[in-house]
A.B. asks: 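Submitted below is the structure of interest, expressed as structure tokens.
Order of the sequence lines sets the chain letters (A, B, ...), proteins ahead of strands, with each chain counted from 1. Scope of the values below: all heavy atoms of this structure, side chains included, with no hydrogens, waters or symmetry mates.
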There are 2 protein chains.
Amino acid sequence: MSSEKTRKKILDVAEQMIAEHGIGRASLRMIVAKAGVNLAAVNYHFGSKQGLILAVFKRHIDPINNERIRRLDALEAEAGEQPVPLEKIIESFLLPAFQMKLKDPKQRQRIMRLFGRMHAESRESQKLVFEEFSTIFQRFHAAFQKTLPILTPALVAWRMRFMLGTMFSMMIVPPEFEKFKLSEDDSPELEVVFHQIIAFVAAGFRADATGLERKGAEK
Amino acid sequence: MSSEKTRKKILDVAEQMIAEHGIGRASLRMIVAKAGVNLAAVNYHFGSKQGLILAVFKRHIDPINNERIRRLDALEAEAGEQPVPLEKIIESFLLPAFQMKLKDPKQRQRIMRLFGRMHAESRESQKLVFEEFSTIFQRFHAAFQKTLPILTPALVAWRMRFMLGTMFSMMIVPPEFEKFKLSEDDSPELEVVFHQIIAFVAAGFRADATGLERKGAEK
DNA sequence: GTCTGTTTCAAACGAACGTTTGAATTAATG
DNA sequence: CATTAATTCAAACGTTCGTTTGAAACAGAC
């Protein structure tokens with residue numbers, strides 16, 4: 001069955017082109033040319049361009065979200081009645097997105113850029129990201145809340161959004177704009193950035209909320 | 001001179017459409033239809049669509065960046081030899097972007113979304129944002145460094161990027177996706193978010209860098 | 001080998017886009 | 001008022017896009 005070959009080829013090239021040029025600018029003609037398949041194959045296999053984008057996205061986001069839940073489950077099982085340490089929660093959320101089990105570091109970065117695009121670019125894909133996200137969001141919200149009972153639920157939600165912003169900001173900026181690189185190589189940089197983000201976000205979560213509560217806690 | 005009227009009309013509508021639909025999807029035909037001007041007027045006054053986008057962007061970013069510098073100057077003059085308090089630096093950076101002196105809160109949010117788009121969408125506008133940004137970046141980097149001498153320059157730069165990510169994350173997400181609104185009204189929400197971000201980012205900047213230094217400080 | 005359903009292919013369709021053109025209109029100048 | 005420059009306008013240009021079409025190539029089943 002050669003059908004699967006074609007599907008995979010299209011998906012591979014599409015995610016590459018979207019990461020590189022963006023959703024709107026990555027045309028089907030570019031994709032099929034690089035993939036060596038016929039133009040009509042996209043609509044045959046995926047129905048439409050939107051269907052292709054959705055397929056590209058789903059292929060990666062589902063394993064990542066599953067891994068997030070899996071890690072959080074393990075942490076909570078280990079902690080028992082105790083709340084899970086803050087850094088561990090953050091790590092279980094961020095790590096699956098940063099260390100997707102991809103052979104090629106180049107491709108890993110490609111996927112990260114893809115997620116950044118999805119998050120930022122089109123209305124539809126943005127909606128998709130958030131919908132795909134809502135159950136995960138609630139799950140982690142509860143975990144954060146238990147670890148930081150001082151914070152109001154609304155404040156926890158805000159700080160989760162800040163965490164997302166921090167994460168996406170590292171995903172969307174093309175490498176050539178990075179003024180301050182920590183290293184030349186790519187994959188160790190990701191490792192470093194990952195720990196940087198955890199330290200930054202964890203401190204942000206622990207920030208004193210006095211004064212913010214009064215303003216932001218009526219719900 | 002009716003020429004200025006036309007220019008302004010185009011700029012106003014363009015920034016509205018870009019904020020609403022994005023750079024790629026906001027077509028010149030949409031813009032001129034809503035603005036009540038001729039299609040060719042855009043190319044006459046701005047040369048090209050890219051020229052229009054650039055004009056839309058520059059119209060707002062320049063005053064904001066000037067205000068940022070102005071506030072930082074004032075803070076440093078006041079502090080004398082002392083380093084400027086961390087929260088003050090962050091505030092002088094964020095506040096001008098959040099409280100542009102715009103009458104209409106609706107338009108304020110529109111501009112914020114516009115910046116989010118510029119930051120995330122097309123390669124060209126992204127490049128523009130970063131170029132426009134580099135002098136500001138260096139200026140604030142020095143201020144942060146003076147206040148937090150424990151951190152390496154590279155670490156300061158990273159955390160500034162996290163700050164940017166946090167800021168942009170609040171700019172780019174359409175209101176209909178916000179699950180946890182703190183209030184129904186729009187403009188007080190912005191005030192609250194603003195203080196939330198400062199508290200979060202300040203804590204992030206102060207995060208313990210032990211262990212990160214060794215990994216991230218070879219430069 | 002023949003038949004049946006699946007997959008590929010070249011070609012074209014219709015729509016939307018940014019841009020250009022050249023005439024018409026308006027404003028400014030002497 | 002006449003002349004010149006600046007601005008607006010309707011119309012069209014040339015591309016590119018996502019999608020559709022119908023025939024050709026291919027697959028596996030009998």
A.B. asks: Can you check the Arg7(A) CZ to dT6(C) P distance for me, whole Å?
C.D. replies: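 From Arg7(A) CZ to dT6(C) P: 15 Å.
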A.B. asks: Do any side-chain nitrogens or oxygens of His45(B) fall under 4.0 Å of OP1 or OP2 in dA6(D)?
C.D. replies: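 Answer is no, no contact under 4.0 Å.
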A.B. asks: Between dT8(C) atom C1' and Tyr44(A) atom OH, what is the distance in whole Å?
C.D. replies: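 Checked: the OH to C1' distance equals 9 Å.
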A.B. asks: Going by side chain to side chain donor-acceptor pair (under 3.5 Å), name the residues that satisfy it together with Arg29(A), two or more places apart in sequence or in a different chain.
C.D. replies: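 So Arg29(A) forms no side chain to side chain donor-acceptor pair (under 3.5 Å) with any residue.
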A.B. asks: Locate the shortest heavy-atom distance separating Ala199(B) from Ala207(A); write the atom from each residue and the value.
C.D. replies: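 It is O-CB, 3.5 Å.
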A.B. asks: Respond yes when some side-chain nitrogen or oxygen of Ser27(B) is under 4.0 Å from OP1 or OP2 of dC17(C), and no when none is.
C.D. replies: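 Yes, within the criterion.
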A.B. asks: So, does Thr6(A) get its side chain near the phosphate of dT7(C), meaning an N or O under 4.0 Å from OP1 or OP2?
C.D. replies: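 Answer no for this pair, as no side-chain N or O of Thr6(A) is under 4.0 Å from OP1 or OP2.
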A.B. asks: Relative to the ring of Phe205(A), is the ring of Phe144(A) parallel (under 30°), tilted (30 to 60°) or perpendicular (over 60°)?
C.D. replies: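 Parallel, since the angle between the ring planes stays under 30°.
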A.B. asks: Rounded to whole Å, please give me the gap between CG in Asn43(B) and P in dT19(C).
C.D. replies: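 Taking CG of Asn43(B) and P of dT19(C), I get 5 Å after rounding.
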A.B. asks: Hey, are Arg68(A) and Glu91(A) close enough for a salt bridge, meaning a charged N less than 4.0 Å from a carboxylate O?
C.D. replies: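 No, Arg68(A) and Glu91(A) are not salt-bridged.
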A.B. asks: Give the rounded distance in Å between these two atoms: CG of Leu52(B) and C1' of dG18(C).
C.D. replies: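 It is 12 Å, rounded to the nearest whole Å.
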A.B. asks: Starting at atom CZ of Arg25(A), determine the distance to atom P of dA16(C), rounded to an integer number of angstrom.
C.D. replies: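 Atom CZ in Arg25(A) sits about 20 Å away from atom P in dA16(C).
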A.B. asks: Could you give the NZ-to-P distance, from Lys49(B) to dA16(C), as a whole number of Å?
C.D. replies: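 Rounding to the nearest Å, NZ of Lys49(B) and P of dA16(C) are 15 Å apart.
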A.B. asks: Rounded to whole Å, please give me the gap between CD1 in Ile53(B) and P in dT19(C).
C.D. replies: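 Taking atom P of dT19(C) as the reference, CD1 of Ile53(B) is at 9 Å.
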A.B. asks: Pair Glu15(A), His60(A) - check side chain to side chain contact (heavy atoms under 4.5 Å, CB included), show working.
C.D. replies: CA-CA 10 Å; Glu15(A) 86 182 19; His60(A) 293 288; 2.7 Å; yes
A.B. asks: Which letter, B, S or -, goes with each nucleotide of nucleotides 9-14 of chain C from 5' to 3', with contact meaning a protein heavy atom under 4.0 Å?
C.D. replies: BB-B--
A.B. asks: Rounded to the nearest Å, what distance is computed from the CD atom of residue Glu4(A) to the C1' atom of nucleotide dA27(D)?
C.D. replies: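 That distance rounds to 15 Å.
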A.B. asks: I need the single residue from Lys88(A), Arg139(A), Met160(A), Met163(A) that forms a side chain to side chain contact (heavy atoms under 4.5 Å, CB included) with Phe93(A). Which is it?
C.D. replies: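 Single side chain to side chain contact (heavy atoms under 4.5 Å, CB included) partner of Phe93(A) among Lys88(A), Arg139(A), Met160(A), Met163(A): Met163(A).
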A.B. asks: Any ion pair linking Asp12(A) and Arg7(A) (charged N to carboxylate O, less than 4.0 Å)?
C.D. replies: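 Asp12(A) and Arg7(A): not salt-bridged.
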